[in-house]
Amino acid sequence: MTLFRDAQKKAQAEIDRVVGPDRLPNMHDAPQMPYVEALIKEVHRIHPIVNLIPHATLTEDEYKGYTIPAGASVIANTWAFSRDENMYPDAERFDPDRFLDARAVNAVDPRNYTFGMGRRRCPGTTLTESFTFLAVASMLAVFDFEMPLEGPKPELKFDDALTSHPLPFTCRILPRSAAAVVLINQQRASQHA
Ligand code: HEM
């Protein structure tokens, strides 16, 4: 969000419109927040957490004229899906609007593949979708994410482990308003009650 201030501001405008200043977002708000939903999809797409997903064939199969023997390893390359220009024109660009405007017709929801596929698809998908929405919408409701005042600027850089994580970076996280400070303190108090 520090790098993509326009997206951050658009999401915050939507949250402010739907939720107002007196409470944090909840799951009932999600259907009224298409931009936040699109932003989360774009976060999944711009850097899938699991880039290569290994499966194996139970029986012999055929794909585009190639015979795949039983027991062969078949590795889904989610990175390649996420960079498919037919689905995502200008794929290197972080642009949540690709899921909302005319391009949305071809823009497959990346969660259809970033959580895997078939019978071994991630069983945590629904839980993750809920808590990701709550975390993203709540943080954007009360905080601004800004560039550090000094030192290196954040970059979109990740490690190369099987599950890929952002490399450490510095940013400033500031309460958006006096009303946001009240909500943050209420939340902290309720967690320590
Ligand atoms: C952003 C968050 C997450 C992502 C991107 C993710 C992604 C994945 C992927 C790609 C797989 C392999 C699926 C396949 O083989 O086709 C997987 C498997 C799995 N995930 Fe997740 N996952 C996430 C969160 C979670 C959470 C929160 C839980 C548990 C509450 C969970 C539990 C599991 C389990 C148990 C498997 C193994 C399923 C099996 O082999 O049958 N995941 N996940």
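Atoms within each ligand, like the ligands themselves, are counted from 1 in listed order.
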The protein heavy atom nearest to atom 3 (C) of ligand 1 is F115 CE2, 3.4 Å
Closest contact, heavy atoms only, L167 versus D159: CD2-N, 3.9 Å
Ignoring hydrogens, what is the shortest heavy-atom contact between E92 and I46? Give both atom names and the distance. O-CD1, 3.7 Å
Testing the basics here: between Y113 and S82, what is the closest heavy-atom pair and its distance to 0.1 Å? OH-CA, 3.5 Å
Within-cut-off N or O pair, R119 and ligand 1, under 3.5 Å: no
Under 4.0 Å to a heavy atom of L127 - the qualifying atoms of ligand 1, by number: 30 (C)
Ligand 1 versus T114: contacting region, heavy-atom distance under 4.0 Å: backbone
Out of all atoms in ligand 1, which are within 4.0 Å of some heavy atom of I49? Include the element for each. 1 (C), 5 (C)
Of the listed options C122, G118, P48, P54, closest to atom 32 (C) of ligand 1 (non-hydrogen atoms): C122
Does some side-chain heavy atom of P175 sit less than 4.5 Å from a side-chain heavy atom of I184? yes
Compare H55, E129, R121 and give the one whose heavy atom is closest to atom 16 (O) of ligand 1. H55
With rounding to the nearest 0.5 Å, note down the distance linking CD in E14 to CG in L140. 10.5 Å
What's the shortest distance from atom 39 (C) of ligand 1 to any protein heavy atom, and which residue and atom give it? R120 NE, 3.2 Å
Between M117 and ligand 1, does any nitrogen or oxygen pair lie at a separation below 3.5 Å? yes
Who gets closest to atom 28 (C) of ligand 1 by heavy atom: P123, S130, G124, S164? G124
Nearest neighbour of atom 1 (C) of ligand 1 from the list T78, T128, L52, I53, on a heavy-atom basis: T128
For the student: nearest non-hydrogen atoms of A30 and F133, plus distance: CA-CZ, 3.5 Å
Is it possible for you to check whether R98 lies under 6.0 Å from the centre of the six-membered ring of Y88, through NZ or CZ, and within 45° of that ring's axis? no
Atoms of ligand 1 under 4.0 Å from any heavy atom of G116, numbered from 1 in the order shown, are 10 (C), 13 (C), 14 (C), 16 (O)
Shortest non-hydrogen contact between R45 and E42, atoms and distance: NE-OE1, 2.7 Å
